[in-house]
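Data block below; observations after.
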Amino acid sequence: MVLEKYKAKRNFTSTPEPAGDPKLAEERAQHETTAKTRFFCVQKHLASHLHYDFRLEHRGVLLSWAVPKGPSLDPRTKRLAMMVEDHPIEYGTFEGVIPEGYGAGIVMLWDVGTWTPESPDVDAALKKGDLKFTLDGYKLKGSWVLVRTGGRYPGGSGDRSWLLIKHRDDWAGEVDITAFAPKSVKSEGDFEDILAQDRPDVWESHRPAKGGEAGAMLAKIIDKAAALKAGRTPSPDAPAPAAARKTAGTSSQSRTGRARAVKTAAKRSTSSTRSPKKKPAAKRRTT
Ligand code: MN
């Protein structure tokens, strides 16, 4: 059964995540046979640990890898990518709060666009453990590869562990893209904005991350979200990003516009003009 593992892990009465419509999966799989490009997205997910879920559309579902440190534009930096269960195609535009259960935390749509396989037979490439592809997203572009490690990588396990590596091209660079472009491509907000749209008090008694970096990060985000919700200025030790403040009163229009762009991303076949920056600051330094 398609998406069996995905469904087994979730209780759809308590999570806002999509259950996955088999008819849509079938339609997308059909479309794939003629389409040159397919949907891809990256979701930044603060759960028990912060990670980036990298998803490529294939055969009507989203093949998924959890990348703890997120993608790197530097070809010398190989990023561990743990293959996880396939996700429904509808998951590709999901952003929101998972209040409890599997994956409890905050999901941000961090990048979205299309991908093109660089080898004609994707199934054979996956089986071989060497999938080369081109991305055309807001943040990630150019040629990349996912290589299965066979468990030789520290922190990896068995045939689930892959490496996500940027190929050397015009879109490669030393900028830390996760720090340079940390926010949502759907709502343009940060984690606290997403939480404030939902229920900032959701984890009063049972936080998905309690200790460590993720726990500290989540505690700050909960404070900021509560302040945003209450219309207060967050406390000085937890300053909200200037851009979020600036657009707080007028964001609904741009939010809608961007959300529409995201919704159509799955349908578009090519995109060369949608990125605000042709080369996303590859040569620029981060702070
Ligand atoms: Mn995740």
Side-chain angles (χ1 to χ4, degrees), residues 2-12 14-20 39-58 61-72 79-113 115 135 137 139-140 144 146 153 155-164 177-178 181-187 189-195 197-198 202-203 206-218 221-222 225 262:
V2 179
L3 301 174
E4 188 174 8
K5 282 184 191 162
Y6 174 85
K7 288 176 181 173
K9 288 181 177 192
R10 288 165 178 83
N11 173 359
F12 295 103
S14 64
T15 180
E17 296 165 293
F39 178 87
F40 99 94
C41 73
V42 182
Q43 275 144 333
K44 188 173 167 184
H45 186 185
L46 179 61
S48 55
H49 296 89
L50 178 67
H51 59 275
Y52 294 73
D53 290 305
F54 185 84
R55 310 192 196 278
L56 300 175
E57 178 183 9
H58 180 57
V61 296
L62 297 174
L63 305 176
S64 298
W65 288 262
V67 185
K69 292 185 177 173
S72 170
R79 287 284 158 85
L80 178 66
M82 298 301 291
M83 198 169 203
V84 296
E85 77 276 13
D86 297 344
H87 279 52
I89 191 74
E90 298 97 313
Y91 209 96
T93 50
F94 175 70
E95 174 171 286
V97 176
I98 303 172
E100 59 182 317
Y102 183 75
I106 310 170
V107 176
M108 174 204 290
L109 192 57
W110 183 80
D111 199 12
V112 74
W115 76 284
L135 295 181
K139 301 174 186 179
L140 306 181
W144 297 71
L146 272 161
Y153 198 78
S157 73
D159 59 6
R160 293 202 309 123
S161 77
W162 298 59
L163 296 172
L164 177 64
I177 191 67
T178 60
K183 292 188 194 173
S184 168
V185 294
K186 183 175 183 178
S187 62
D190 212 328
F191 277 135
E192 58 267 25
D193 303 294
I194 296 165
L195 184 55
Q197 292 288 319
D198 201 278
V202 67
W203 295 303
H206 59 289
R207 294 191 179 181
K210 292 178 189 78
E213 262 180 70
M217 203 174 158
L218 186 64
I221 288 163
I222 291 170
V262 166

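All values derive from a computational prediction rather than experimental measurement. Start at 1 and go down the list; that is how both ligands and their atoms are numbered.
- In summary, of the residues considered (Leu56, Val84, Asp86), a side chain to side chain contact (heavy atoms under 4.5 Å, CB included) with Ser64 occurs for Val84 alone.
- Closest non-hydrogen pair, Ser48 versus Ala214, comes out as O-CB, 3.3 Å.
- At a cut-off of 3.5 Å, with distance as the only test, a side-chain donor of Ser187 or Glu95 sits close to an acceptor on the other residue.
- Per residue Asp53, closest N, O or S atom to the Mn ion (ligand 1): atom name OD2.
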Pair up each side-chain donor or acceptor in residues 99-111 with any protein partner under 3.5 Å, not counting sequence neighbours, and list the distances.
unit_1, atom_1, unit_2, atom_2, d
Tyr102, OH, Lys9, NZ, 3.2
Trp110, NE1, Ala181, O, 2.7
Asp111, OD1, Tyr138, N, 2.8
Asp111, OD1, Lys139, N, 3.1
Asp111, OD2, Lys139, N, 3.1
Asp111, OD2, Leu140, N, 2.8

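- Distances from the Mn ion (ligand 1) to each N, O or S atom of His45 single out ND1 as the nearest.
- Of all N/O/S atoms in His51, NE2 sits nearest the Mn ion (ligand 1).
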